[in-house]
Chemist: 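Before we start, here is the structure in question, set down as structure tokens.
Convention: sequence-line order gives letters A, B, ...; per-chain numbering from 1. Quantities reported herein were computed from a predicted structural model and do not represent experimental measurements.
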Amino acid sequence: MKHIKTINMGALKASIAKPGCKECANSCQSACKTSCTVANLECENR
Amino acid sequence: MKIHKFKQMDMNIVIDVNSGAIHVVDDIVYDLVDTYNEKSVDEINNIFEGKYTVEEINEAIKELKELEENGMLNTEDPYKKMIVNDNGPSFIKAMCLNIAHDCNLKCKYCFASEGDYKGGKKLMSAEVGKKAIDFVIENAGPRKNVEVDLFGGEPLMNFKAVKEIVDYARQREKETGKNIRFTITTNATLLNEEIMNYIDENMGNVVLSIDGRKEVNDRIRVRYDGTGIYDDIMPKIKAMVEKRQAGKQYYVRGTFTRENLDFYDDVMLLADEGFKEISIEPVVLEDKHPLSLRQEDLPTIFEQYDKLADEIVKREKEGKGFKFYHFAIDVNGGPCVYKRISGCGAGFEYVAVTPEGDIYPCHQFVGNEEFKLGDIYNGINKHELIKTFKNGHIYNKPKCMECWARFYCSGGCQANNYNFNKDIHVPYELGCEMMKKRVECAIAIKAKLMEE
């Protein structure tokens, strides 16, 4: 494409294929104790 | 809202909210992306006459349509039914263990009333801690990974109990096949050789509190006699971080307030001291508190985040990069959509336990009787409240459903929502504004680094 450079094809939608195991950390267990950002977490089932 | 567009670091960025696709586009596409399928080609040509040629416009529209056909633009939300249909049990597998409702500091912004959560000073006994470990193992159901954060107050004021509780957990781990990850959050004042070695060996993550520059830190993070602690803690935090074996996590974590809206300098001080994992977070305080952040502070805060994002890109390219927690979003991975739509987990996957053994939805709710879920001896007795938290996801938060960042923040902090709006379903708006800015910065950093 001449006008558009895609840097992510849609990882969110693609993650539907994952099992949704809920083994990942809870956001407040990391550095954050007041400003929850779920997207910072890492997947345990890569 | 199906798309979000913004400009940062000389880039035009378009996010397709529902698929998570991210595009860097030129000016024509940036101008057309939110109107190309609402207006006719003639109308568009009229609007942009003199700015773009008909040929350029046609070409751009063709590319936009191609993205749409490939499910990377203006996609619909396919996830709602997954959460609405999720009537299964929830499993409590993460716990904030309030080891000490007491603290040797008197930080001016403390949400826990100098550590005692307005309930009087108290240390958790090893017996309560062990019972809490049993509680979380029993309630974790099929989940293998269990997380326990040793928190306070200052947990190292009760180091003896910490050791007993961790030993007990290791034994229970073997018996049950669970994997218990401990983290500890400390103000660093009580760190010594023995404690540092212990933390390094036993904690999956250690969160070390410091607000940045000496004058900033020492205005807020003070002892009972009012003196600052920077000179005491900086060498200890450095020693702790140096000790941290490869691959083991730590965070040097601070808070910014109205008194250091120039918090970029605090992040930089920590980076220049050699720390690689840094978090400086906005304080959350009621409006009338002199240290609280207010709407009028946002332009300054945004400018600081922009400056920080630029510097992070620069340092990364020079091979001197560091991780800023709030910008550490893996745009190509991160948690799956199931996690993102279920929120932070407070009150149904994550709870806090007090020194008395009382259970609350999270550390921020501790002390608010209305939210007491039960205790570790008799278990949960407010099942309805657990359901309320489980259903407190983005699809039940009208404002989140209008927001492009909903799959990044997942509805924000329930406690902040409640404390500001008396309703976990109504987001804490100042927090939302800063969150959106940070997500934009995080995406721009990734886009910039991928570009070059």
Side-chain angles (χ1 to χ4, degrees), chain A, chain B residues 16 18-26 28-29 59-60 63 67 71-72 75 94 96 143-145 147 149 183 185 205 207 251 253 279 281-282 284 325-326 328-329 331-340 343-346 349-350 362-363 407-410 412-413 416 431 435 446-447 450:
Chain A
M1 284 192 180
K2 194 173 149 193
H3 303 273
I4 301 169
K5 197 172 142 194
T6 294
I7 61 165
N8 182 298
M9 314 269 281
L12 182 63
K13 206 167 174 183
S15 75
I16 286 191
K18 289 190 175 187
C21 64
K22 306 245 176 98
E23 289 285 359
C24 53
N26 282 82
S27 46
C28 270
Q29 294 294 85
S30 45
C32 144
K33 277 282 181 192
T34 51
S35 49
C36 163
T37 322
V38 172
N40 290 47
L41 301 173
E42 281 176 27
C43 177
E44 294 280 341
N45 206 324
R46 271 182 275 197
Chain B
D16 183 47
N18 292 318
S19 71
I22 300 167
H23 314 283
V24 178
V25 304
D26 65 6
I28 316 173
V29 169
E59 208 174 58
E63 290 191 10
L67 287 188
M72 290 191 279
T75 51
C96 183
R143 306 283 179 261
K144 185 172 165 52
N145 293 327
E147 304 139 52
D149 188 24
T183 59
T185 302
N205 191 4
V207 180
Y251 259 104
R253 181 207 181 281
S279 182
E281 301 191 22
V284 182
Y325 179 68
H326 278 133
I329 293 178
V331 294
N332 293 317
C336 65
V337 68
Y338 302 93
K339 177 72 181 181
R340 291 176 193 237
C344 74
E349 280 182 348
Y350 170 68
C362 82
H363 55 288
F407 296 120
Y408 293 94
C409 97
S410 302
C413 167
N416 289 349
M435 171 79 69
K446 292 286 153 51
M450 283 165 85

Chemist: Where is the tightest heavy-atom contact between A/Ala39 and B/Arg340, given as atom of each residue plus distance?
Modeler: CB-NH1, 3.9 Å
Chemist: Looking at chain A, which one of B/Pro335, B/Gly431, B/Ala447 has the largest number of heavy-atom pairs inside 4.5 Å, strictly under?
Modeler: B/Pro335
Chemist: What residues form a side chain to side chain contact (heavy atoms under 4.5 Å, CB included) with B/Ala21, not counting sequence neighbours?
Modeler: B/Asp16, B/Ser19, B/His23, B/Met72
Chemist: I'd like to know if the side chain of B/Asn145 reaches the main chain of A/Cys24, judged simply by a donor and an acceptor atom lying under 3.5 Å from each other, with no hydrogens or angles considered.
Modeler: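 Not a single qualifying donor-acceptor pair exists.
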Chemist: Any donor-acceptor pair under 3.5 Å linking the side chain of A/Asn8 with the backbone of B/Val331?
Modeler: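 Pair found, side chain donor or acceptor close to backbone of B/Val331.
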Chemist: Please determine, among B/Ala328, B/Gly345, B/Gly71, the option with the most heavy-atom pairs under 4.5 Å with chain A.
Modeler: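 Top count of heavy-atom pairs under 4.5 Å with chain A: B/Ala328.
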Chemist: With rounding to the nearest 0.5 Å, note down the distance linking NZ in A/Lys5 to CG in B/Asp26.
Modeler: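 Going from NZ on A/Lys5 over to CG on B/Asp26, the span is 12.5 Å.
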Chemist: Check whether any side-chain heavy atom of A/Met1 lies under 4.5 Å from a side-chain heavy atom of B/Leu67, and answer yes or no.
Modeler: yes
Chemist: Side-chain atoms of residues 10-22 of chain A: list all donor-acceptor pairs with protein atoms under 3.5 Å, sequence neighbours left out, distances to 0.1 Å.
Modeler:
unit_1: A/Ser15; atom_1: OG; unit_2: A/Leu12; atom_2: O; d: 2.7
unit_1: A/Ser15; atom_1: OG; unit_2: B/Val337; atom_2: N; d: 2.9

Chemist: Of the non-hydrogen atoms in B/Glu349 and A/Asn26, which two are nearest, and what is the gap between them?
Modeler: OE1-ND2, 3.4 Å
Chemist: For residues A/Ile4 and B/Glu63, report the shortest heavy-atom separation together with the two atoms involved.
Modeler: N-OE1, 3.2 Å
Chemist: In terms of heavy-atom proximity below 4.5 Å to chain A, should B/Val29 be classed as side chain, backbone, both, or neither?
Modeler: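 For B/Val29, side-chain heavy atoms alone lie under 4.5 Å from chain A.
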